[in-house]
Enquirer: 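I have a structure here, written as structure tokens, and I will follow up with some questions on it.
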Amino acid sequence: MADQKRLFLLDAYALIFRGYYAFIKNPRINSKGMDTSAILGFTNSLLDVIKRERPDHLAVCFDKGGSVARTEAFPEYKANRQETPEAIRIAVPYIEKILQAMNIPAVVKAGYEADDIIGTLAKKAEKEGYKTFMVTPDKDFAQLVSENIFMYRPRFGGGYETWGIPEVQEKFGVERPEQVIDFLGMMGDSVDNIPGLPGVGEKTAKKFLAAYGSMENLFKNTHELKGKMKEKVEASQELGLLSKDLATIMLDVPVEFHQEDFEMCMPDIHATKEIFNELEFRRLTDNFEKTFAPPEESTQKTETSAPVVKKPVAKSDGQFDLFAAPGTGNVTEEESSSGFKTITNTNHFYQHVNTPLSRALLLKKLLQQPSVCFDTETTGLKALEVELIGIAFSWEAGKGYYVSFPEDQGETRTILEAFRPFFESETIEKIGHNLKYDIKVLSNYDMPVKGKLFDTMIAHYLINPDMRHNMDILSETYLNYQPVSITELIGKKGKNQLSMRVVPVKDQTEYAVEDSDITLQLKEHFTKELDSGNVTKLFNDVELPLVSVLTAMEIEGINLNTDFLKELSVALSDDIARLEKNIFEQAGEEFNIASPKQLGIVLFENMKLVEKPKKTKTGQYSTAEDVLSYLAKDHQIIADILEYRQYKKLQSTYVDALPNEINPKTGRVHTVYAQAVAATGRLSSNNPNLQNIPIRTERGRQVRKAFIPRDENHVLLAADYSQIELRIIAALSEEETMIEAFKNGEDIHASTAAKVFNVPLEEVTREQRSNAKTVNFGIIYGVSAFGLSNQTDLSRKEAKALIDTYYETYPKLRAYMAEQVDFARDHGYVETVLQRRRYLKDINSRNAIVRGAAERNSVNAPIQGSAADIIKLAMINIHNRFEKENFKSKMLLQVHDELVFDAHKDELETIKPIIKEEMENAYKMAVPLDVEMGIGENWLEAH
DNA sequence: TCATGGTGCAA
DNA sequence: TATTGCACCATGA
């Protein structure tokens with residue numbers, strides 16, 4: 001069994017306490033007067049375990065907020081535990097930091113004790129064929145010991161002892177480890193304030209167990225006892241059983257054992273040592289290095305002798321050495337003897353460039369490259385408002401240059417101008433991370449970026465859309481290298497945040513070129529991964545061309561009628577004030593209506609409007625719209641609150657907020673599209689979000705009147721796909737009935753209603769159509785009977801019947817959905833019409849809730865994602881045609897199935913057919929796509 | 001100051 | 001116990 005995988009689970013608090021008390025006679029105090037005993041004690045144990053055992057899987061488990069279940073059962077549980085010593089309280093955050101730096105997972109679950117977490121994980125790991133070692137001094141864990149679960153118990157005076165079944169049998173005098181629970185229940189535990197049986201200590205408990213085997217059996221046979229003991233035991237049966245319950249480690253904590261999460265990996269040596277340094281742990285640091293540093297590193301004695309080395313910039317101010325870079329500068333990937341993959345950045349060469357001569361030399365080199373990575377440094381985050389501070393360039397791993405710019409914007413333009421041949425080169429590929437940002441910054445200086453692009457953020461988004469795509473994280477994942485964080489340079493955001501301008505140019509160089517260098521190296525990884533994910537074509541033909549389209553749309557912005565919004569705001573304020581007065585009168589008190597907490601108390605405690613109010617997951621009263629709207633017809637105050645809320649929402653989120661988003665330079669609103677956020681392939685919009693402007697209510701819809709054409713020569717044109725998602729599901733499922741309905745141009749919801757309610761099309765009632773519409777949408781999302789009945793007036797039973805009839809009407813649709821789920825199970829992912837993938841790691845989860853969500857995703861993602869694919873294709877084609885024809889009209893917004901244009905009046909009749917044609921023919925399917933267009937003096941009219 | 005929960009807007 | 005998002009407000013560490 002030598003190759004059986006081993007999991008080590010550390011009981012954090014138990015080890016921390018133990019460490020602390022080990023030093024109690026001469027506590028460790030560092031030069032700042034801080035008691036570091038607990039931290040040192042714990043960290044020693046941790047390193048010890050790693051060094052001795054070299055576990056392949058390891059985690060540290062913490063308590064959080066005590067055990068809800070036990071405290072509920074017995075309020076006195078752990079009540080007489082003395083207050084946590086100061087040294088231990090301050091230790092925990094440090095220990096968390098250390099674990100983070102060492103890449104060791106910390107497991108916590110509010111309301112559960114570490115015992116329960118460890119127990120649950122150990123049992124789960126056992127099922128996966130692991131041997132688990134519970135690292136803890138706490139003997140209570142003995143109850144969990146089995147053939148594959150052991151206690152790994154630190155011995156006083158050093159060393160460890162492993163408790164398996166024989167050891168437990170011997171120590172507790174039991175046959176089976178589970179009997180340890182009876183043992184503990186009988187003798188109690190003063191530390192945890194578990195009462196136990198009065199008068200029963202270790203000896204008696206052992207005796208009882210030997211004789212009766214369990215507490216229950218003891219109680220059945222009390223007639224065999226005698227004297228005082230008989231009386232006592234008989235009188236305290238309830239107490240005994242409660243004690244047994246308290247001593248039982250729970251095995252149903254909602255934690256998952258995903259092997260990969262618990263895998264030991266290389267610590268961030270640099271970060272770990274920094275923390276140890278701060279705490280002044282010298283011996284520990286040595287110990288740590290011996291444990292982790294690969295042998296060749298520890299003998300080489302570089303500056304920090306760690307696998308991740310950050311050296312100062314080589315010759316960053318000697319601009320005349322520009323191309324005399326030492327040939328040693330390189331980044332190598334190697335398998336160290338410890339088996340950890342590390343990147344050793346031995347001697348990178350990053351150079352600052354700030355003279356005309358060096359810039360000329362750099363440009364000459366740039367123009368010789370087939371492909372170059374660049375990254376801009378700026379004064380802020382809003383690409384269209386910031387100034388350029390520097391640009392880093394790199395084309396060879398471990399090497400790069402940083403061109404800095406002065407504050408004078410005229411000079412900046414002049415310097416930048418020299419690089420025009422590079423940026424405008426059609427043949428040099430431009431690599432970057434979130435290139436849209438850099439291209440927008442350069443556009444502030446009228447510097448276009450041409451040629452093929454390679455965006456590592458988008459590449460990774462296609463490789464795995466569910467993950468995060470920060471460069472820092474990607475670097476750590478793919479290069480095992482932790483880059484200098486921007487926070488290290490300029491601090492956390494807030495009023496104390498520095499501008500990049502005041503960072504020494506040497507540090508700017510280091511930071512900026514490193515980012516560019518990393519991005520360049522990521523490209524190599526991603527080129528391969530795009531291929532293995534079969535998304536290279538999607539990347540090259542859709543996502544990368546889209547970067548330029550979105551850039552243009554964002555730069556364009558949209559015009560806003562602020563005067564109109566001001567009036568709207570005043571009108572809303574009036575109504576809000578009136579409603580607020582009414583609400584306070586009806587409630588008989590004043591309170592903050594916007595506070596769900598206060599509102600809940602007023603409605604459900606003070607006014608007692610409902611018998612059993614619905615609660616949220618945190619135990620507050622729910623005051624959500626779908627809850628309150630049931631009550632609105634019986635209680636005027638509820639109706640008023642809902643109206644109040646609606647107006648407040650409109651005012652704060654739209655009417656008052658939008659004018660603040662106007663760019664002072666252009667006078668227009670420039671949203672930012674996120675191309676790598678939505679897991680399905682959709683875009684998202686922010687700062688401001690222009691994809692959720694109200695339309696459903698009359699009052700909300702008014703906000704759309706504020707979006708107006710550029711000037712009197714333009715109108716707004718809105719073009720939207722009609723029912724694109726239903727058309728896609730019809731086409732993909734090859735459901736003839738539905739396809740025919742679309743081909744015949746029928747109203748799909750009415751058509752569905754006619755079929756499921758079995759009435760002629762012309763006799764479909766409003767209600768029937770509405771219910772059919774809800775089901776049509778629900779199908780796309782994977783609705784349940786419960787969900788449908790919540791959304792409609794139908795009962796659960798009626799909802800179920802409706803869904804059943806729906807599937808009978810469209811049998812192939814149901815088959816298609818099942819196919820998607822099967823595909824996901826087999827392949828671990830689903831894909832869209834353009835082979836965009838979404839991985840569904842939970843599709844085979846044992847947890848039915850988690851699995852259900854993954855199953856719904858396997859149906860929904862291809863539909864939502866295919867719709868996203870199609871409109872992206874249309875956008876690219878429209879943009880290209882507009883460019884080619886040099887139209888004054890511009891595409892401004894995308895709202896998932898809708899495109900909005902500033903249409904020049906003279907071009908209107910030319911562009912209308914172009915837009916319609918490109919949208920409807922973007923992707924051919926068995927179902928025709930239909931686009932509706934409208935024109936108006938504002939966005940509302942354009943619909 | 002920041003993270004989180006509750007709420008609500010869109011497709 | 002319906003998919004994907006973003007933003008506002010209140011709240012408490």
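Numbers restart at 1 for each chain; the letters A, B, ... are given by sequence-line order, proteins then strands. Below, each value reflects all heavy atoms present in this structure, side chains not excepted, and no hydrogens, waters or symmetry copies.
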Enquirer: Rounded to whole Å, how long is the line connecting atom CD1 of A/Ile693 with atom P of C/dG5?
Expert: 19 Å
Enquirer: Looking at A/His943 and A/Glu898, what are the two nearest heavy atoms and their distance?
Expert: NE2-OE2, 2.9 Å
Enquirer: Would you mind reading off the distance between A/Ile780 atom CD1 and B/dA11 atom P, rounded to a whole angstrom?
Expert: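 In whole Å, B/dA11 P lies 14 Å from A/Ile780 CD1.
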Enquirer: Do A/Gln864 side-chain and C/dT3 base share a donor-acceptor contact under 3.5 Å?
Expert: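 Answer yes: a donor N or O sits under 3.5 Å from an acceptor.
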Enquirer: Below the 4.0 Å mark, does B/dT7 have OP1 or OP2 next to a side-chain nitrogen or oxygen of A/Thr623?
Expert: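 Checking B/dT7 against A/Thr623, a side-chain N or O does come within under 4.0 Å of OP1 or OP2.
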Enquirer: What integer distance in Å separates A/Gln675:CD from C/dT4:C1'?
Expert: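 Atom CD in A/Gln675 sits about 16 Å away from atom C1' in C/dT4.
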Enquirer: Compare side-chain N and O positions of A/Asn689 against OP1 and OP2 of C/dC8 and report whether any pair is under 4.0 Å apart.
Expert: no
Enquirer: Reckon A/Lys597 touches a base, only the sugar-phosphate, or nothing at all at heavy-atom distances under 4.0 Å?
Expert: sugar-phosphate
Enquirer: By the 4.0 Å heavy-atom rule, please label A/Arg682 as base, sugar-phosphate, or nothing.
Expert: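 Base: the residue A/Arg682, judged by heavy atoms under 4.0 Å, touches a nucleobase.
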Enquirer: What is the nucleic acid contact for A/Lys617, judged by heavy atoms within less than 4.0 Å: base, sugar-phosphate only, or nothing?
Expert: sugar-phosphate
Enquirer: What's A/Gln791 touching, base or sugar-phosphate or nothing? Going by heavy atoms closer than 4.0 Å.
Expert: base
Enquirer: At 4.0 Å (heavy atoms only), tell me whether A/Arg701 reaches a base, stays on the sugar-phosphate, or touches nothing.
Expert: nothing
Enquirer: When the ring planes of A/Phe604 and A/Tyr621 are compared, do they come out parallel, tilted or perpendicular, using 30° and 60° as the limits?
Expert: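 Aromatic pair A/Phe604/A/Tyr621 classed tilted.
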